[in-house]
Each structure stands twice: as structure tokens, then as C-alpha cells.
Protein chains: 2
Amino acid sequence: MARREPLNREKVLDAALALADSEGLDGLTMRKLAKTLGVEAMALYNHVSNKADILDGIAERVMADIPSADPALPWAERVRTLALGMYRAYRVHPVVPLAMVSDQANPASPAALRPVEALAGAFVEAGFDDDGLRWAVGAVNSLVFGSLLLITSGFGTAPPGPEQLEPFAGVDPAELPHFSRLLGALRRLDPEKDFERALDVLIAGLEAAAAGKSPGGSTRR
Amino acid sequence: MARREPLNREKVLDAALALADSEGLDGLTMRKLAKTLGVEAMALYNHVSNKADILDGIAERVMADIPSADPALPWAERVRTLALGMYRAYRVHPVVPLAMVSDQANPASPAALRPVEALAGAFVEAGFDDDGLRWAVGAVNSLVFGSLLLITSGFGTAPPGPEQLEPFAGVDPAELPHFSRLLGALRRLDPEKDFERALDVLIAGLEAAAAGKSPGGSTRR
DNA sequence: ACCTGAACACCGTTCAAGT
DNA sequence: ACCTGAACACCGTTCAAGT
């Protein structure tokens, strides 16, 4: 059998993303990743500078999958498209939002800035002033990241995965009647649908704010 | 000097929360925690069963600080009080939301369920059906957790902490004009104020949904 | 009853050495 | 040019031993 052709950065990142998807952020270790590639852990350092570089690399890849919004669309539609695009891209690779939120991936990479720039552009067009801009971008980002992070944790908005509901098996319906109802409804959850509903509410509020109504504060320029 | 009086679970959790607050979730290790208490790491296992138990313990403590809402208040006010209470409790100890979201703290502890039960109760009173209940609780939780988690990460809604803005120092205002504007506005950020604005928008949308209007979907029972 | 030391199976990372 | 082995400073955790 011929000697395996050499590694390169792309192959390392491919394998790292695959490993992180299947094993989670904690399961992504240099040693396991190396084994996946049929190599010793130290060989990886010829192609990436360290683990943080790997996390940055996979984050950039996933963020590159976020579609940009047609600039011809009205700003509110662009916001919707962008937020949904972020949600969908991160949903496939939940390690990435988790890495960002735990400070293990660079928040200032060009790939990370692109969707935020587009979001901000939409709000500028809507007429938000600087404070309104900050608030609006923060609100959308919070909803996107919060929806994603709670999905994987089984807390709050859990996915249909039944083993994820297992920790709640012991709740007494007599003691927590409302939560028990919620638990039943979680079995029918389509996370993206619920996210879209919340997003539409938020965008409606942003439109009202842009039109000068409360609760949005000073906005018209 | 007299022999130090023995450790107990409460002292371990006190020290653990303090260490996690100052060093972050990754800085909380059994060995460092032990040193803080003037003891060897293995001594901790006499008072907690393992590290997961510590994380659960500090999470429970912080969640116990979430005030419950006066049941005499209208449901929307109760939702507001509860959400703001979660935000404030977690804001002081951001390790806790991070631990929950990375599956390192038990989402089914009584302390964790209490605020969710109260939230759900408010939405039941508002007349939401099961699917509406799930959506509404998920939306509020998502906004709370998203707002908190993005604060600490410096991504999205960053706090005034200037060293947190440092990674963005290299952005070219010509290339990312809207983001640069946002960056300027971040320096004036009061995270809780922005959170409250977003929360008010969401609650207004939930009230509209409860009254049978879109975008909230089927709600009246 | 409470604590320690040594040990095990893991981490990320460096460095000299091999081909 | 690329990979490996040995080593270092860390992890969480177990277990026998000390007081």
C-alpha cells in the first residue's frame, strides 16, 4: 500500500468539523482528530498553528455558508433572510455558536463580520440612529444565538430528540402543571418554525420602531 | 495556629462560584479550586461527588436568586418581571448560562424548573394553547440566554469593556462602514437597557398573539 | 471523619530526532 | 517537507493509606 498523500489545512479542517459535529465541542481534541486522520497528534501542527486556529477555521467555513441578502429587497426582508440564514448555517454545526459564545473562536474574522455588516446595513437603511442600530443588531443576534444554543442544551426549547427529554421524566405534573404541558408540546417541536415566529414578532417591532413608534426609542434621522 | 475547621459542601460551592466568576468556566478546575481552599484536590470529593455536581450546585444557587413574580400582576407584567429577573441573576454569574448551554449543568433541577413553570403559567393564563405556550416560552428563554451569552463573548452585543473591543481594532471603516458605526455605538452600551427594549418588543408581540392576531398563530382556546 | 500521595487516563503543546 | 517519540505541565478521578 502506497504511502498516504500528505495532509493539508483543508483536510484537517474537514475532519475537525466532522468530529466536532459528531462528538461535540469537548470531543474535538487534537489527539482524537489526529487518529481520525491516521496520524499522530503532533503532525497536525504542521498545518494549523494550534487548536484555536482549528476552531477559527471551522467557524469561518460555517459562516461562509450564510447567504447574503439581495440588496434590492426591503430592509425588513433582508433582516429576515440574514437572520434565517445564520440560524440555518449554525444549526447544522452547533459547535460554532458554542465556540463563539465561549470565546474559543475569533469574533472579528472577516467571515464573522460579513453578516453583521449586512444586518447593520439594513438597519441603517431603515433609518435607525447609532443607538437604535446597536440595539437592533443586538436583538436579532441574541434571538438567533439564544434559539440555537437552547436547542442543543435540551433546556428551554428542546428538539424532538426523545433522549433529550429524558432528564425531565421525573417531573410531577401535580407540582409543575404548566411545565408538564410545555413538556408535552415539546414533542411536537419544529425549532425553526418557532424561531421564525419569534423572529417575525421581533421584526414587526423593529419596523414599528423605525417608523418612530415605541417601544423602540429614538430612531428617525 | 489551630487546625482549620473542616470543609463542607457550602464552602466548596462558595469558593467554586467565586473562582468561576473571576476565572471563567474553563478556569474552574478541581485543583485550582482546592488551592483556593487550602486543601488538596482530592479532599473536595468528600463534599461533592464530582465536578458536574459542583456545576449543578452553583447553577442552583444562582437560579434561586431569580425573584418570582407577584401572581396578582397581569400576565404580561409577570413575564417581564421573570425575564428581567433571569437576566439579572445570570448576568452576575455568566458561568451559569454558559454551563447550561454547554450541557454541563442539569436543566431539570427544581431550581431551574421554577422560573420556567412561572413563565409557562403566565402564558397559560394569557390563553395560549400548547403550541403557543411552547413558542412563547422558547422565545423569551432564547432572548434572555442569547442576550447574556453574547455579552460575555464580545460578539454581537458587547459590553463597554474596552479590551473586549480590541479584536475589532483592525476593521477598516471603508470596507465595513455599517459595522464601524455599530462599533462606535457599542462603546455607549448599557446591555440591560438594550435587553429590556428587545424584551418589550417581544412581549408586545406576544400580547398581540394572545389577542388572536398574527404573527403568533393559533392561540385562543 | 476528613485529608493526602501516588497513580491512571486523559488534555494541548514543544522540541529534537527521524525519513 | 512532513511526520514521530518523548517529554512537560496540565486535567478529572480512584484508591489505598494516613491522622
Side-chain angles (χ1 to χ4, degrees), chain A residues 1-59 95-96 98-106, chain B residues 1-59 95-96 98-106:
Chain A
M1 23 210 76
R3 195 79 187 79
R4 199 189 51 262
E5 62 180 78
L7 237 42
N8 58 47
R9 182 170 227 268
E10 298 315 305
K11 282 185 208 164
V12 171
L13 294 183
D14 281 344
L17 189 51
L19 182 59
D21 285 344
S22 66
E23 306 281 305
L25 187 50
D26 285 348
L28 173 59
T29 73
M30 299 302 274
R31 283 168 158 99
K32 282 193 213 159
L33 175 57
K35 189 168 287 175
T36 267
L37 291 160
V39 105
E40 296 300 312
M42 310 75 200
L44 300 173
Y45 289 85
N46 288 308
H47 306 100
V48 295
S49 46
N50 49 35
K51 192 177 177 180
D53 187 26
I54 292 182
L55 259 354
D56 283 351
I58 69 181
V95 223
V96 172
L98 197 53
M100 314 215 21
V101 132
S102 55
D103 248 340
Q104 295 175 268
N106 178 11
Chain B
M1 24 209 71
R3 196 79 188 79
R4 200 188 52 263
E5 61 182 77
L7 236 42
N8 57 47
R9 182 171 226 267
E10 297 316 303
K11 283 186 208 163
V12 171
L13 293 184
D14 282 343
L17 189 52
L19 182 59
D21 284 343
S22 67
E23 305 281 305
L25 187 51
D26 286 349
L28 173 59
T29 73
M30 300 301 275
R31 283 167 159 100
K32 282 192 211 158
L33 175 57
K35 188 168 290 173
T36 267
L37 291 160
V39 105
E40 296 300 313
M42 309 75 199
L44 301 174
Y45 289 87
N46 287 309
H47 307 99
V48 295
S49 47
N50 49 35
K51 192 177 178 179
D53 187 24
I54 292 181
L55 259 352
D56 283 351
I58 68 181
V95 225
V96 173
L98 197 53
M100 313 214 24
V101 131
S102 55
D103 248 342
Q104 295 175 268
N106 179 11

Determine whether A/D53 and A/R9 satisfy the following criterion, side chain to side chain contact (heavy atoms under 4.5 Å, CB included), listing intermediate values before the conclusion.
CA-CA 10 Å; A/D53 187 26; A/R9 182 170 227 268; 2.5 Å; yes
Value for CG (A/L44) from CG (A/N50), rounded to nearest 0.5 Å, stands at 11.5 Å
| query | Would one find a side-chain N or O of A/H47 under 4.0 angstrom from OP1 or OP2 of D/dC3? | reply | yes
Looking only at heavy atoms, the pair that brings B/L25 and B/Q104 closest together is CD2-OE1, 3.4 Å
Nearest heavy-atom contact between B/A59 and B/A105 is CB-CB, 4.1 Å
Correct closest heavy-atom pair for A/K11 and A/L37 would be O-CD2, 4.1 Å
Nucleotide by nucleotide, nucleotides 6-19 of chain C touches protein heavy atoms under 4.0 Å in the pattern (B base, S sugar-phosphate only, - none) BB---BBBB-----
For DNA chain C, the expected dot-bracket line (Watson-Crick or G-U under 3.5 Å, [ ] crossing, | inter-strand) is ||.|||||...|||||.||
Separation between CG (B/L19) and CG (B/D14), nearest 0.5 Å, reads 12.5 Å
So the side chain to side chain donor-acceptor pair (under 3.5 Å) pairs with at least one residue in residues 19-46 of chain B (sequence neighbours excluded) are B/D21-B/H93
B/E40 CD to C/dT4 C1', in whole Å, measures 7 Å
Check your understanding: Can you find a pair of side-chain heavy atoms, one from A/V95 and one from A/L28, that are under 4.5 Å apart?
Key -> no
